[in-house]
Visitor: 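Below is the structure I would like to discuss, written out as structure tokens.
What you see is a predicted model; the values in this text were computed from it and never measured. Per chain, numbering begins at 1; letters A, B, ... match sequence-line order.
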Amino acid sequence: MDTHSAPTPEKSDFVRDIVAADLRDGRIGAVVTRFPPEPNGYLHIGHAKSICLNFGIAAEFGGRCHLRFDDTNPVKEEQEYIDSIMEDVRWLGFDWGEHLYYASDYFEQLYEWAVYLIREGKAYVDDLSADEIRTFRGTLTEPGKESPWRTRTVEENLDLFERMRAGEFENGSRVLRAKIDMASGNINFRDPVIYRIVHATHPRTGDAWCIYPSYDFAHGQSDAIEEVTHSICTLEFQDHRPLYDWFIENLPVPSRPHQYEFARLNLTHTVLSKRVLLRLVRDGFVHGWDDPRMPTLSGIRRRGFPAEGMRDFAAMIGVARADSVVEIEMLEHAVRDVLNRTALRRFAVLDPLKVVIENYPDDLVEEMDVTNNPEDEGAGTRKVPFSRELWIERDDFMEDPPKKFFRLAPGREVRLRSAYFVTCTDVIKDADGTVIELRCSYDPDTRGGSAPDGRRPKATLHWLSAAHAVPAEVRLYDHLFTAPFPGSEGRDLFEDLNPDSETVLRHCLVEPALQDAVIGETVQFERLGYFCADPDSSGGVLTFNRTLTLKDSWAKVQAQATG
RNA sequence: UGGGGCGUAGCCAAGCGGCAAGGCAGGGGCCUUUGGAGCCUCCAUUCGUAGGUUCGAAUCCUACCGCCCCAGCCA
């Protein structure tokens, strides 16, 4: 209305601008959007962008968003996918309330509208084969030719269409086409197929139908039935908009929805294509749709990405009409940002190196108080047992440290986080020269991690009491594809798969508190990264997936040194 | 060579005739009981190119260049 009453919108993009204007000008009373997945695969991060857009707009403008399954092709669709999609949308934090719909709910109405079109002389049954139809369609630069069946009488069309429904004909033998314009520059207008014969069992309607409406004939009309006001889809449907409008204008539909298109999400180092994801699963390149390396919502959930991070990411990348590829670092930033604030801190040693504190009592065990999350006072502290024999990370020791290496080395003092300062006094090696144990001394005056004399070691290490450490398996994950643009420059997509996208470490150790790790809850292993207990933990072996590493400036220094 | 779109920093993206937001990445510094986090700071005299209109153009006009989508009985 005016600047006083209008709340400052937190997000703004061209779609929200249109919705706001339509509301302001009274073209609509309330906004109604919909998220319309086809249940032929699992949802991925690209869908999350669309879900956040559609449900986000409905929430921000006080409207509603429907979840509607676009289930018009029974040969590809399965109940498993329907179930997973609902779970994923809920996980992302959205609620469709009562508004769960299926295009298949409208099959009878859609059929009647097809009959309506036939009666109006605007649709006909075509006996041409699929190949012939393709040939007759013309090319991008040449107009098409009209089918010889285009001039059938209304009566004959009605009879044939009824018999198509009755199951008298074989798959592919006939189709129903809208009669529009075989010479149109827009190929979607060259008499698009609106019904095809498919003798297949539909996940919802079973064998009730053997003819199914095409996307073009089902989508807009479904929107109209549900009184969707803003039908938001991706750019590749721009060419379909005139057809979308044609059906809406030529049918007695109950409302007038409008279609708007935005650029779909692309991400570096991965691929967001249902076709390719299906192949990764079917050909065994990954362990399943929910493999933590997959960009599916079930995959990233198992990986430990929080839903809030996904929503933040969606807000961060915006919504526009220019094709774009977002660097995956942006997603990772959104995830780290949430996890830094919320994840409990724990100690875990991935590659253990034994440390013996020679001047520490043999039989003493101290319970050290350790902060659960320095970013969140409310997270409190926990007790972590400390004793004479410890494990530290092998990477945290170097016998001959280079210039910028601040961690443990012979003669050097470092802090064991929330415990004591220790100084390396001796290095023990096996016959091959491999370091197998460090002997250290500790300063009893530094309990808790600070020295009365104010001295401050350059490094702080995480540690585990050897007697109390719990064995665990840890799975390290990295980008699914090594190339930022998989399959670019003529390469085969699968050549770009990262052979090291999954590394399984079976001899890790974690602090006792992690025995109670909740599956699906992401914690930070201090100085290492974020990790999430995997469902496989229920098999007996504690198993963690690395969600993401912490940003690591030492790794950067090393990389620079290496070149 | 048909139709539909899009070009603002390495990436994403605001901007809607009044003098280039913000985020990611990157550089430098401070701080630090996580080499994390945090804080400070630098990073487009220029908006695909060339003309034009205007006191004034990323914004308006013209032409050109580049990229994407469309020839499923997929969605």
Visitor: When you get a sec, tell me which of B:G4, B:G36, B:G35 is the closest nucleotide to the side chain of A:N340?
Guide: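 The nucleotide sitting nearest to the side chain is B:G36.
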Visitor: Side chains of A:E261 and A:Q259: do they bring a donor and an acceptor to under 3.5 Å?
Guide: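 On atom types as modelled, these side chains qualify, holding a pair under 3.5 Å.
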Visitor: Please tell me which of the listed nucleotides, B:U34, B:G26, B:C73, lies nearest to the side chain of A:Q524?
Guide: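 Minimum distance to the A:Q524 side chain belongs to B:U34.
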Visitor: Counting only Watson-Crick or G-U wobble pairs whose two distances fall under 3.5 Å, which nucleotide matches B:G7?
Guide: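 B:G7 is paired with B:C65.
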Visitor: Once you apply the 3.5 Å cut-off to both distances, tell me the Watson-Crick or G-U wobble partner of B:U34, or none.
Guide: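 Partner of B:U34: none found under 3.5 Å.
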Visitor: Is the distance between the ring centroids of A:F237 and A:Y244 under 6.0 Å?
Guide: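 Ring centres of A:F237 and A:Y244 not closer than 6.0 Å.
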Visitor: Name the nucleic acid region contacted by A:R137, choosing base, sugar-phosphate or nothing; use a 4.0 angstrom heavy-atom cut-off, strictly under.
Guide: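 Counting heavy atoms under 4.0 Å across all strands, the contact made by A:R137 is with sugar-phosphate only.
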Visitor: Select one nucleotide: of B:A71, B:A25, B:C74, the one nearest the side-chain heavy atoms of A:H333.
Guide: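 Of the options given, the side chain of A:H333 lies nearest B:A25.
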Visitor: Taking for each residue the nucleotide of RNA chain B bearing the nearest heavy atom, is the 5' side occupied by A:N188 or by A:V557?
Guide: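 It is A:V557 whose nearest nucleotide is closer to the 5' end.
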Visitor: Side chain of A:M330: nearest nucleotide among B:C12, B:A75, B:G5?
Guide: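 That would be B:C12.
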Visitor: Syn or anti for B:G72, with syn set at within 90° of 0?
Guide: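 Chi for B:G72 falls in the syn range.
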Visitor: Determine whether any donor atom in the side chain of A:E375 lies under 3.5 Å from an acceptor atom in the base of B:G36, or the reverse, and answer yes or no.
Guide: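 Answer yes: a donor N or O sits under 3.5 Å from an acceptor.
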Visitor: Counting only side-chain heavy atoms from C-beta out, which of B:A14, B:G35, B:G5 sits nearest to A:A320?
Guide: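 Looking only at side-chain atoms, A:A320 lies closest to B:A14.
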Visitor: Looking at B:G36, does its base get a donor-acceptor pair with the side chain of A:E526 below 3.5 Å?
Guide: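 Between B:G36 and A:E526, which were checked side chain against base, a qualifying N/O pair under 3.5 Å is absent.
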Visitor: Return yes if the base of B:G35 and the side-chain atoms of A:R407 contain a donor-acceptor N/O pair under 3.5 Å, otherwise no.
Guide: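 Donor-acceptor pair under 3.5 Å: yes.
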Visitor: Side chain of A:V326, heavy atoms from C-beta onward: which of B:U32, B:G10, B:C12 has the nearest atom to it?
Guide: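 Nearest to the side chain of A:V326 among the choices is B:C12.
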Visitor: Side chain of A:E329: nearest nucleotide among B:C24, B:G36, B:A71?
Guide: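 Selected nucleotide: B:C24.
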Visitor: When you measure from the side chain of A:E236, which nucleotide among B:G36, B:C69, B:G35 comes out closest?
Guide: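 Minimum distance to the A:E236 side chain belongs to B:C69.
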Visitor: Could you tell me whether A:E413 and A:R455 make a salt bridge, using a distance below 4.0 angstrom between a side-chain N and a carboxylate O?
Guide: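 Yes, this pair counts.
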Visitor: With both distances under 3.5 Å as the test, what is the Watson-Crick or G-U wobble partner of B:A14?
Guide: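 Across any shown strand, B:A14 pairs with none.
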Visitor: Taking the nucleotide of RNA chain B with the closest heavy atom to each, which residue, A:D127 or A:R527, is nearer the 5' end?
Guide: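 Whichever sits nearer the 5' end wins; that is A:R527.
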Visitor: Between B:G72, B:G2, B:G3, which nucleotide has the shortest distance from any of its atoms to the side chain of A:I187?
Guide: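 Output: B:G2.
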Visitor: Whether the A:R527 and A:H462 side chains hold a donor-acceptor pair (N or O, under 3.5 Å, no angle test) is what I'd like checked.
Guide: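 There is such a pair between these side chains.
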Visitor: Any donor-acceptor pair, under 3.5 Å, between the side chain of A:N186 and the base of B:G4, if you only look at N and O atoms?
Guide: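 Not at all, since no donor on one side and acceptor on the other fall under 3.5 Å apart.
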Visitor: Verify, without hydrogens or angle tests, whether A:D191 (side chain) and A:I180 (backbone) share a donor-acceptor contact under 3.5 angstrom.
Guide: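 Yes; judged by distance alone, with no hydrogens or angles, the pair exists.
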Visitor: Of all the choices, B:G26, B:A71, B:G38, which nucleotide is nearest to the side chain of A:D337 once you look at every atom?
Guide: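 My answer, after comparing the listed nucleotides, is B:G38.
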